[in-house]
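Below is one structure; the comments refer to it alone.
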Amino acid sequence: NEHGRELWYTDGTREGTRLLLDLLPGSGDGDPYKITSIKDHTLFIAKKEGAGVELWSTQGTAETTIQLQDIYPGPKSSYPYSFSLHRESYLIFSALDPVHGEELWVSAGTPESTQMVEDIYPGEISSFPDYTVNFKGHTFFAATHPLYGRELWRLENPYEKIVLVDDIFSDGEQNPSSSPQELTATTNKLFFTADDIEHGMELWVSDGTDAGTRLLKDIFPGRASSDPQELNSNNVFVFFRADDGTHGVEIWISDGTPEGTKMLRDIVPGEGSSAPRKFTRLSYDMYFVADDGVRGSELWVANVAGDVQMVKDIYEGPESSNPRDLVVWNDKLYFRANDGIHGEELWVSDGPPGEGTHMVKDIVT
């Protein structure tokens, strides 16, 4: 109450847990979020009196905790978003300024290194860079250009010009957009969704070049969209949800080849959907929440061998425990769930379905 919601530091002990800096002095909230570490700095977003919501940096002391730049000068905010690390030493992000709109920026954690990369859509109109991801040492993202529409782009070096990877949807006259989304990388392949109109919104794959960018599979054949979502990688495969028009929205996997792109299990047989979501990787397995139509929304797990099973019916019977806020720490999965007896509490799973999934503690008895 004395300082509001502010930036704290901990070494894991009670004595080593302290307020780092009251960013917005007094009881107001500096409200730091999106805390991300690069090589020598920890970057985050926070609010400051007279400067709005901007990008900050710290090296763990009050003296080194600074606002990097007032990107949108004055009390208005640049609202940085779409964070991605570039070679572990640079943060790539999007931000708004009054002259260029929302464009791509870079920072190495110092004021002088915090710069706009390029005004992709010249003038005040925004290119809205989003879905930034690091792949093979480069940063890939979706952005809008006056000639190409919204397509896939590549940033090879932090302060150099960006490159159009592929104008997926082009009619030679107008600037229609394929609208790439869900950019997700494995070790050797970049996956994303795009709409070339002929096939609808489907799964695409790229090796980072124009020639190596292609439609992976028309999961819902024809112009209809399978609408792949929640792409998540274990560095070898990508897991996602999609609707093939026959089985509803179910869990899929891909190794980057058409034959290796397949539904893992029709959890709700027929056209019904289990609606898998909240995909979270633990080792090479993928945890997610789904509803099989019988036991409510519960925690499930899929592995690369194709096995898909419920981890535990936490709220036994047709009611849902609604697992959420899934976080991996120290080779275990932690999450919130309600077993119908203890209310919503902290749970943990060590992997295999069964007794390894249990409530950590009934914090409010």
Side-chain angles (χ1 to χ4, degrees), residues 5 10 12 33-35 182 184 226-244 246-254 262-365:
R5 184 180 179 86
T10 184
Y33 66 101
K34 205 73 176 175
I35 300 171
E182 302 275 344
T184 305
S226 69
D227 198 21
Q229 294 182 6
E230 301 227 10
L231 275 65
N232 201 311
S233 164
N234 68 359
N235 286 336
V236 179
F237 298 87
V238 67
F239 295 78
F240 60 99
R241 55 184 276 177
D243 183 353
D244 65 359
T246 303
H247 302 95
V249 181
E250 296 295 349
I251 183 170
W252 287 65
I253 193 172
S254 179
K262 56 190 177 182
M263 183 176 65
L264 281 181
R265 179 176 171 181
D266 190 10
I267 296 175
V268 178
E271 296 183 3
S273 299
S274 68
R277 56 203 180 275
K278 304 186 186 303
F279 286 68
T280 305
R281 170 191 169 186
L282 175 58
S283 186
Y284 285 97
D285 296 334
M286 195 62 65
Y287 285 77
F288 62 99
V289 178
D291 186 340
D292 65 0
V294 177
R295 292 168 289 185
S297 292
E298 297 292 348
L299 188 67
W300 291 67
V301 64
N303 62 34
V304 296
D307 297 325
V308 178
Q309 52 186 318
M310 180 183 289
V311 176
K312 187 181 182 72
D313 187 10
I314 295 173
Y315 196 136
E316 295 183 1
E319 300 296 329
S320 301
S321 70
N322 289 319
R324 56 196 179 108
D325 295 333
L326 280 63
V327 174
V328 172
W329 180 71
N330 202 23
D331 297 325
K332 292 184 179 181
L333 180 75
Y334 292 83
F335 58 97
R336 298 164 63 175
N338 185 349
D339 65 0
I341 299 172
H342 302 95
E344 188 171 73
E345 295 292 350
L346 182 65
W347 284 68
V348 65
S349 178
D350 62 3
E355 297 305 316
T357 302
H358 57 87
M359 184 173 66
V360 175
K361 184 177 182 180
D362 188 11
I363 297 172
V364 178
T365 52

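We're numbering straight along the sequence, starting at 1.
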Taking atom [atom1] as the centre, does [X] end up with more than 12 heavy-atom neighbours from other residues, nucleotides or ligands that are less than 6.0 angstrom away?
X      : atom1 : result
Tyr33  : OH    : yes
Glu316 : CD    : no
Arg277 : CZ    : yes

Do you know the tightest heavy-atom contact between [X] and [Y]?
X      : Y      : answer
Ile251 : Ala302 : CD1-CB, 3.8 Å
Met286 : Phe239 : CE-CD1, 3.5 Å
Tyr284 : Val304 : O-CG1, 4.0 Å
Pro323 : Ala337 : CA-CB, 4.4 Å
Ala290 : Ile267 : CB-CD1, 4.3 Å
Ser297 : Ser320 : N-OG, 2.8 Å

Practice item. Run the numbers on Met263 and Trp252 for side chain to side chain contact (heavy atoms under 4.5 Å, CB included), then give the verdict. Key: CA-CA 4 Å; Met263 183 176 65; Trp252 287 65; 3.5 Å; yes

Could you state the interatomic distance from [atom1] ([X]) to [atom2] ([Y]), rounded to the nearest 0.5 Å?
X      : Y      : atom1 : atom2 : result
Asp339 : Glu345 : CG    : CD    : 8.5 Å
Ile253 : Asn232 : CD1   : CG    : 11.5 Å
Ser283 : Asn234 : OG    : CG    : 8.5 Å
Asn303 : Phe237 : CG    : CZ    : 10.0 Å

Point to revise | Criterion side chain to side chain donor-acceptor pair (under 3.5 Å) on Gln229 and Asp227, from CA distance to verdict | key: CA-CA 6 Å; Gln229 294 182 6; Asp227 198 21; 2.8 Å; yes

**Study point:** Contacts of type ring pair (Phe, Tyr, Trp, His ring centres under 6.0 Å), residue Phe279, not counting sequence neighbours
**Key:**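 Partners of Phe279 under the ring pair (Phe, Tyr, Trp, His ring centres under 6.0 Å) test: Phe288.
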
Would a distance-only check, ignoring hydrogens and angles, find a side-chain to backbone donor-acceptor pair under 3.5 Å from [X] to [Y]?
X      : Y      : answer
Glu182 : Leu231 : yes
Glu250 : Val268 : yes
Thr280 : Lys278 : yes
Arg336 : Asp325 : no
Glu298 : Ile314 : yes

Practice item. Check step by step if side chain to side chain contact (heavy atoms under 4.5 Å, CB included) holds for Leu299 and Leu333. Key: CA-CA 11 Å; Leu299 188 67; Leu333 180 75; 4.0 Å; yes

Exercise for review: Please lay out, stage by stage, how Asn322 and Tyr315 fare under the test side chain to side chain contact (heavy atoms under 4.5 Å, CB included).
Suggested key: CA-CA 9 Å; Asn322 289 319; Tyr315 196 136; over 6 Å; no

Review point. What pairs with Arg295 under side chain to side chain donor-acceptor pair (under 3.5 Å), at least two apart in sequence or on another chain?
Key: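 Expected list: Asp292.
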
**Study point:** The single option from Thr357, Ile363, Asp362 passing side-chain contact (heavy atoms from CB on, under 4.5 Å) against Met359
**Key:**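 In the set Thr357, Ile363, Asp362, the residue that makes a side-chain contact (heavy atoms from CB on, under 4.5 Å) with Met359 is Asp362.
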
